[in-house]
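These values consider heavy atoms only, across backbone and side chains, with no hydrogens, waters or symmetry-generated copies. So you know, we letter chains A, B, ... as the sequences are listed, proteins then strands, and number each from 1.
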Number of protein chains: 2
Amino acid sequence: MEKRDYSKIVRELKDKGYTLSMARIAILRYVMKENAHYTAEEIYKNLKEEYPTLSIATVYNTLKLLSKEGYLQQIMIDPNKVIYDSTLGIHPHFYCKVCGKIEDINSDIKIQLNKEINGNRVEEAHIYVYGVCKDCLKKQKSKRESLSLN
Amino acid sequence: MEKRDYSKIVRELKDKGYTLSMARIAILRYVMKENAHYTAEEIYKNLKEEYPTLSIATVYNTLKLLSKEGYLQQIMIDPNKVIYDSTLGIHPHFYCKVCGKIEDINSDIKIQLNKEINGNRVEEAHIYVYGVCKDCLKKQKSKRESLSLN
DNA sequence: GTTTATGCAAAAGTTTTGCAAACTA
DNA sequence: TAGTTTGCAAAACTTTTGCATAAAC
């Protein structure tokens with residue numbers, strides 16, 4: 001699991017004319033971790049410990065900026081909550097209905113995406129797969145077994 | 001464009017022990033139209049005219065019930081808004097970034113869905129395609145043309 | 001020194017909840 | 001009549017906004 005090169009992103013954002021404030025860099029570093037899937041609230045809570053002056057508005061502003069500039073994708077797998085993912089490109093996401101965990105999927109689902117569908121111009125696509133994750137299946141199984149023993 | 005057979009659903013819900021109230025039937029009828037993609041708010045506003053005593057809480061309760069029982073699917077293509085779709089089965093949805101319109105897609109995207117991915121049990125999947133719809137493309141085109149004439 | 005971003009607090013918007021009253025079977 | 005569901009109003013949550021202050025370049 002390699003570390004993401006956010007210094008390149010910092011350079012690019014600078015070139016685009018953005019001010020690289022403390023808050024933005026902190027959020028960028030936090031969010032660029034491999035396989036990270038965070039809500040704005042999670043990012044805020046975690047960074048608030050280290051940067052007590054941080055405000056939730058800044059978190060939302062920065063996440064919007066990073067999404068707009070193509071460094072994050074917004075995952076709308078969970079109603080009423082946007083989750084941010086720094087792994088780019090069309091890749092399916094798995095959502096556990098039991099524990100809410102999100103996982104990137106890299107295989108088994110193949111998608112052919114045309115630039116045009118029914119006369120509409122296609123720009124991006126998201127695939128969301130719902131079910132029960134490995135860990136929750138294990139828990140359910142051991143629960144069933146202990147019940148059948150009694 | 002055929003009309004949906006909601007009387008069958010009414011029968012099934014009765015068999016499952018649900019009370020078939022006026023409100024539930026009205027919402028069911030409203031939502032079962034072909035190619036309908038409604039938010040709770042839209043359903044509420046439209047039915048409120050005919051049934052002034054209807055409350056938004058009942059709309060949410062009923063939509064949740066119908067989703068749980070498998071008669072509706074929740075489309076989370078738009079952040080902060082759940083859209084309900086009575087067309088079942090895995091079918092991709094197209095979302096126009098310009099006008100917000102949602103369209104069912106029945107072709108061009110093929111999906112192979114396994115019952116198991118990375119050890120996780122798969123139960124359902126959603127495919128969301130984002131872009132600019134036919135109508136908005138047309139508007140943009142005519143706008144560009146009229147500008148280049150001046 | 002000028003411009004841009006931040007933080008705060010309030011607002012906006014969607015969805016949920018608790019409970020008495022109304023309705024369904 | 002017993003058991004559910006409804007409607008209301010308030011609460012809970014997420015996200016956005018406006019504006020004075022602070023930070024970045």
Q.
Rounding to an integer number of Å, can you tell me how far B:D78 CG sits from C:dT15 C1'?
A. 15 Å

Q) So, the side chain of A:N120 versus the backbone of A:I117: is there a donor-acceptor pair under 3.5 Å, distance only? A) yes

Q. Rounded to the nearest Å, what distance is computed from the CG atom of residue A:L13 to the P atom of nucleotide D:dA24?
A. 16 Å

Q: Indicate whether OP1 or OP2 belonging to C:dT15 is found under 4.0 Å from a side-chain N or O atom of B:Y60.
A: yes

Q: Tell me which of B:A40 and A:S55 sits closer to the 5' end of DNA chain C, going by the nucleotide each one is nearest to.
A: A:S55

Q. Expressed in angstrom and rounded to an integer, what is the separation of A:Y51 atom OH from C:dG7 atom P?
A. 12 Å

(Q) Rounded to whole Å, please give me the gap between CZ in A:R24 and C1' in D:dA22. (A) 14 Å

Q.
Rounding to an integer number of Å, can you tell me how far A:E42 CD sits from D:dT15 P?
A. 11 Å

Q. Can a donor-acceptor pair be found between the side chains of A:Y18 and A:E69 at a distance below 3.5 Å?
A. yes

Q. Does B:K33 make a cation-pi contact with B:Y30 (under 6.0 Å, within 45 degrees of the axis)?
A. yes

**Q.** Spacing of A:L63 atom CG relative to C:dA5 atom C1', expressed in whole Å
**A.** 15 Å

**Q.** Criterion side chain to side chain contact (heavy atoms under 4.5 Å, CB included) against B:R24, the qualifying member of B:L13, B:V10, B:T19, B:T58
**A.** B:T19

Q) Hey, which of A:K8, A:K14, A:K16 is the one that makes salt bridge (Lys or Arg N to Asp or Glu O under 4.0 Å) with A:E12? A) A:K8

**Q.** B:L65 CG - D:dT6 C1' separation (whole Å)
**A.** 14 Å

(Q) In this structure, how many angstroms lie between the P atom of D:dT6 and the NZ atom of B:K48, rounded? (A) 14 Å

Just the table, please: protein N/O against nucleotides 17-25 of chain C N/O, every pair under 3.5 Å.
from: C:dA25; atom 1: OP1; to: B:L20; atom 2: N; distance (Å): 3.4

Q) Any side-chain heavy atom of B:Y130 sitting closer than 4.5 Å to one from B:Y95? A) yes

Q) What is the ring orientation for A:H93 with A:H37, classed by angle as parallel under 30°, tilted 30 to 60°, or perpendicular over 60°? A) perpendicular

Q) Taking only N and O in the side chain of A:T53, is any of them less than 4.0 Å away from OP1 or OP2 of C:dG7? A) yes

